[in-house]
Trainee: 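After the structure tokens below, expect a handful of questions from me.
Keep in mind that what you see is a predicted model, and the values were worked out from it rather than measured. Position 1 is the first residue of the sequence, and the numbers go up from there.
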Amino acid sequence: STHSFTLFPYTTLFRSLSLLHKQIGMVKNFAANREYQVPVYLDGNFTTIHLKLVKDDSQISSVNATMETLKYGTVGGKFTQNNNFVEGYLVCENGFDAQAENTFTESFMTALTAENLQIGKVSFVKSKDVNPEKFAGEGQSKWVSGNRTDTKTLYAVAKAFIQAVQEAM
């Protein structure tokens with residue numbers, strides 16, 4: 001009698017394991033570079049905020065973010081942190097209305113104050129040329145441990161940013 005043997009279950013398992021390995025590698029790279037994709041609920045829809053924390057040779061560190069929204073289009077932001085002082089800007093394709101600017105600033109300030117941080121100038125810019133790679137920290141991929149900025153502080157700025165975006169948009 002002839003027996004037929006199929007490798008189908010093993011091939012499928014191998015492909016699944018290979019895909020899982022690639023996914024884990026990608027997540028590992030994002031974490032090593034302090035890059036995160038954070039799902040958030042904005043204006044009745046889910047979107048993803050791409051966050052990148054940058055800590056380089058200088059004593060100034062930053063939180064860079066990009067997202068897509070229905071109301072404002074592509075939105076990019078960069079907030080620098082030096083000692084306990086945070087300032088930065090948001091750029092969007094469709095411009096922010098005054099209420100969104102005020103809500104964002106108030107919420108951001110409240111969240112930063114809770115973390116013993118002070119807010120400086122926050123600028124809002126309208127531009128049809130929002131380049132997500134710019135805000136993702138292109139050319140700023142270094143994470144230097146010798147930088148005196150506390151990593152916990154950068155995560156606090158990122159958290160404050162996400163909270164402010166959710167309240168304002």
Side-chain angles (χ1 to χ4, degrees), residues 24 26-69 71-93 96-127 130-169:
I24 290 172
M26 192 170 79
V27 169
K28 184 179 173 185
N29 279 341
F30 276 139
N33 291 325
R34 307 305 198 268
E35 284 188 66
Y36 305 94
Q37 302 287 341
V38 181
V40 293
Y41 192 71
L42 295 176
D43 197 28
N45 296 297
F46 281 99
T47 190
T48 300
I49 296 177
H50 179 156
L51 284 173
K52 182 166 185 175
L53 309 181
V54 178
K55 200 165 109 166
D56 58 18
D57 291 329
S58 73
Q59 294 307 308
I60 299 173
S61 299
S62 67
V63 174
N64 303 332
T66 57
M67 72 196 88
E68 293 289 332
T69 67
K71 185 175 183 178
Y72 299 106
T74 303
V75 177
K78 180 174 184 170
F79 291 90
T80 57
Q81 188 267 328
N82 190 6
N83 294 320
N84 287 341
F85 193 70
V86 178
E87 62 184 3
Y89 57 90
L90 284 174
V91 178
C92 78
E93 288 179 318
F96 294 103
D97 55 50
Q99 182 181 354
E101 289 181 14
N102 290 336
T103 303
F104 178 87
T105 303
E106 288 174 21
S107 177
F108 196 49
M109 182 172 58
T110 301
L112 291 175
T113 302
E115 297 290 336
N116 296 319
L117 296 169
Q118 297 176 8
I119 191 168
K121 183 177 181 183
V122 176
S123 300
F124 297 87
V125 180
K126 179 180 177 181
S127 173
V130 179
N131 182 351
E133 286 79 28
K134 177 181 178 186
F135 296 99
E138 184 179 82
Q140 299 177 329
S141 59
K142 283 204 224 167
W143 181 267
V144 178
S145 298
N147 181 314
R148 291 192 181 121
T149 302
D150 183 15
T151 303
K152 181 182 173 201
T153 302
L154 283 177
Y155 283 107
V157 173
K159 179 182 173 185
F161 173 79
I162 292 169
Q163 288 173 341
V165 164
Q166 285 180 306
E167 290 183 28
M169 298 184 192

Trainee: To the closest 0.5 Å, what do you measure between CD (E106) and CD1 (I119)?
Mentor: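 Taking CD in E106 and CD1 in I119, the distance rounds to 10.5 Å.
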
Trainee: Which heavy-atom pair separates I49 from A65 by the least distance, and what is that distance?
Mentor: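 In terms of heavy atoms, the two residues are closest at CG2-CB, 4.1 Å.
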
Trainee: Would you compute the distance between atom CD of E68 and atom NE2 of H50 and round it to the nearest 0.5 angstrom?
Mentor: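 If I round to the nearest 0.5 Å, the distance is 13.0 Å.
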
Trainee: Of all residues at least two apart in sequence or in a different chain, which pass the ring pair (Phe, Tyr, Trp, His ring centres under 6.0 Å) check with F108?
Mentor: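 Result, ring pair (Phe, Tyr, Trp, His ring centres under 6.0 Å) vs F108: F79, F104.
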
Trainee: Atom CE in M109, atom CG in L117: separation rounded to 0.5 Å?
Mentor: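 M109 atom CE to L117 atom CG measures 13.0 Å (nearest 0.5 Å).
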
Trainee: If every non-hydrogen atom of M67 is compared with every non-hydrogen atom of F161, which pair is closest and at what distance?
Mentor: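 Of all heavy-atom pairs spanning M67 and F161, the closest is CE-CZ, 3.7 Å.
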
Trainee: Determine whether V63 and L51 make a side-chain contact, defined as any pair of heavy atoms from C-beta on separated by less than 4.5 Å.
Mentor: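 Heavy-atom side-chain distance check passes, below 4.5 Å.
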
Trainee: How many angstroms lie between atom CD of Q166 and atom CG of L42, to the nearest 0.5 angstrom?
Mentor: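 With rounding to 0.5 Å, CD (Q166) is 6.0 Å from CG (L42).
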
Trainee: Just by distance, do the side chain of D97 and the backbone of A100 share a donor-acceptor pair under 3.5 Å?
Mentor: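 Judged by distance alone, yes, a pair lies under 3.5 Å.
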
Trainee: Sub-3.5 Å donor-acceptor pair from the side chain of Q81 to the main-chain atoms of S61, do we have one?
Mentor: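 Pair absent, no side-chain N/O of Q81 close to backbone of S61.
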
Trainee: Is the backbone N or O of Q99 less than 3.5 Å from a side-chain atom of T103, with the two atoms forming a donor-acceptor pair by type?
Mentor: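 At least one qualifying donor-acceptor pair exists.
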
Trainee: Could you walk me through whether N84 and N116 satisfy the side chain to side chain contact (heavy atoms under 4.5 Å, CB included) test, starting with their C-alpha distance in whole Å, then the side-chain angles of each, then the deciding distance to 0.1 Å, before giving a yes or no?
Mentor: CA-CA 7 Å; N84 287 341; N116 296 319; 5.5 Å; no

Trainee: Give the minimum heavy-atom separation between Q163 and A111, together with the two atoms involved.
Mentor: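 Residues Q163 and A111, closest heavy atoms: OE1-CB, 3.4 Å.
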
Trainee: Considering non-hydrogen atoms only, spot the tightest contact between G77 and L90 and give its length.
Mentor: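 Minimum heavy-atom contact is CA-CD2, 3.7 Å.
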
Trainee: Between CG of L112 and CD of Q118, what distance do you get to the nearest 0.5 Å?
Mentor: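 Interatomic distance, L112 CG to Q118 CD, rounded to 0.5 Å: 10.0 Å.
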
Trainee: Can you measure from OG (S123) to NZ (K78) and round to the nearest 0.5 angstrom?
Mentor: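 The OG atom of S123 sits 13.5 Å away from the NZ atom of K78.
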
Trainee: Side chains of I162 and V40: does their closest heavy-atom pair fall under 4.5 Å?
Mentor: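 In contact.
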
